[in-house]
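Take a look at the structure set out below.
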Amino acid sequence: MTLNFTVYGQAGQLEEEMRTVSWFGVRSIFRHRLLGVYEERVTIWNAGSMDEAIERAEAEALEYCSDLDEVEYVRFSEAYAFDGVPEDGAEVFSLMRESKRPPEEYVRRFFATDDERTGSL
């Protein structure tokens with residue numbers, strides 16, 4: 001999507017600036033001290049750049065923490081730019097990691113470690 005912005009240049013002249021806006025998924029990590037768990041949250045942002053999406057996600061992360069007891073943003077976020085607009089089945093985040101582990105070992109190491117909490121907190 002391209003948005004047109006009107007900006008004022010030197011001597012008050014009107015200039016039109018075109019800015020491309022895309023959707024980004026941003027994964028942020030939080031520590032819940034009382035629960036003894038870490039949380040990964042993926043939020044989506046309509047922004048002009050990946051840096052802007054991360055900046056906005058980090059501001060939201062701090063706000064999220066302020067609403068909860070003993071939760072801290074661990075200052076780690078990573079972003080993913082995706083094509084199009086969100087709709088059913090849209091991919092909002094993807095991470096590739098090199099590993100020589102076989103599939104079952106890979107999943108046990110990084111995702112199904114038996115330390116995850118599923119369902120309600």
Side-chain angles (χ1 to χ4, degrees):
M1 169 191 298
T2 301
L3 299 178
N4 293 321
F5 291 89
T6 302
V7 295
Y8 291 91
Q10 292 181 327
Q13 296 174 333
L14 287 176
E15 298 176 9
E16 195 169 281
E17 178 182 300
M18 292 184 66
R19 179 177 162 203
T20 301
V21 177
S22 300
W23 284 98
F24 298 88
V26 180
R27 178 171 73 161
S28 302
I29 311 298
F30 301 85
R31 183 173 78 148
H32 293 253
R33 290 186 291 272
L34 294 176
L35 298 174
V37 299
Y38 284 87
E39 175 186 12
E40 297 179 30
R41 289 176 72 230
V42 176
T43 53
I44 61 172
W45 302 92
N46 198 241
S49 70
M50 191 171 290
D51 287 340
E52 179 188 344
I54 290 174
E55 182 179 303
R56 291 174 60 199
E58 288 180 334
E60 188 276 339
L62 295 172
E63 184 177 316
Y64 174 74
C65 291
S66 72
D67 292 338
L68 300 169
D69 291 331
E70 297 295 317
V71 176
E72 69 178 308
Y73 168 52
V74 301
R75 307 282 182 199
F76 179 85
S77 287
E78 54 190 355
Y80 170 77
F82 62 100
D83 296 327
V85 296
E87 57 185 48
D88 282 350
E91 180 177 282
V92 298
F93 194 84
S94 175
L95 172 74
M96 294 182 151
R97 178 184 290 125
E98 291 185 23
S99 177
K100 296 186 189 302
R101 291 179 164 89
E104 287 181 18
E105 184 181 323
Y106 179 86
V107 169
R108 276 194 313 272
R109 168 67 172 95
F110 296 107
F111 298 99
T113 65
D114 292 329
D115 293 325
E116 295 83 10
R117 292 187 177 194
T118 58
S120 299
L121 288 178

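Start at 1 with the first residue, then count along the sequence. No hydrogens, no waters, no symmetry mates; every other heavy atom, side chains included, goes into these values.
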- line: Applied to residues 36-70, the ring-ring contact (aromatic ring centres under 6.0 Å, His included) test, sequence neighbours excluded, yields Phe30-Tyr64
field: For Gly25 against Phe82, the heavy-atom pair lying closest together
entry: N-CE2, 3.9 Å
message: Check whether Arg101 reaches the backbone of Val107 with its side chain - one donor and one acceptor, N or O, closer than 3.5 Å.
response: no
- line: All heavy atoms of Ala47 vs all of Phe24, minimum pair found to be O-CE1, 3.4 Å
query: Rounded to the nearest 0.5 Å, how far does CG of Asp69 lie from NE2 of His32?
result: 11.0 Å
- request: Could you pull out all residues at least two apart from Glu63 that satisfy side-chain hydrogen bond (donor to acceptor under 3.5 Å, both in side chains)?
  value: none
CZ-CZ distance between Arg75 and Arg31, expressed to the nearest 0.5 angstrom: 13.0 Å
message: Can you tell me how far apart CZ (Arg109) and OG (Ser99) are? Round to the nearest 0.5 Å.
response: 9.0 Å
- prompt: Heavy-atom count around Glu70 CD within 6.0 Å, excluding the residue itself: above 12?
  reply: yes
- request: Say whether Arg97 and Tyr106, considering side chains only, have a donor N or O and an acceptor N or O under 3.5 Å apart.
  value: yes
message: Could you check whether atom CG of Asp67 has more than 12 heavy atoms from other residues, nucleotides or ligands sitting under 6.0 Å from it?
response: yes
message: For Gly48, is there any backbone N or O sitting under 3.5 Å from a side-chain donor or acceptor partner on Glu52?
response: yes
message: When you group the ILVMFWY residues by side-chain heavy-atom contacts below 4.5 Å and let the links chain together, are Phe93 and Val85 in the same group?
response: yes
field: Partner of Val26 by side-chain contact (heavy atoms from CB on, under 4.5 Å), out of Val92, Val42, Ile44, Thr43
entry: Thr43
message: Give me the atom names and distance for the closest heavy-atom approach of Trp23 to Gly84.
response: CD1-O, 3.2 Å
- prompt: Atom CD in Glu40, atom OG in Ser77: separation rounded to 0.5 Å?
  reply: 11.0 Å
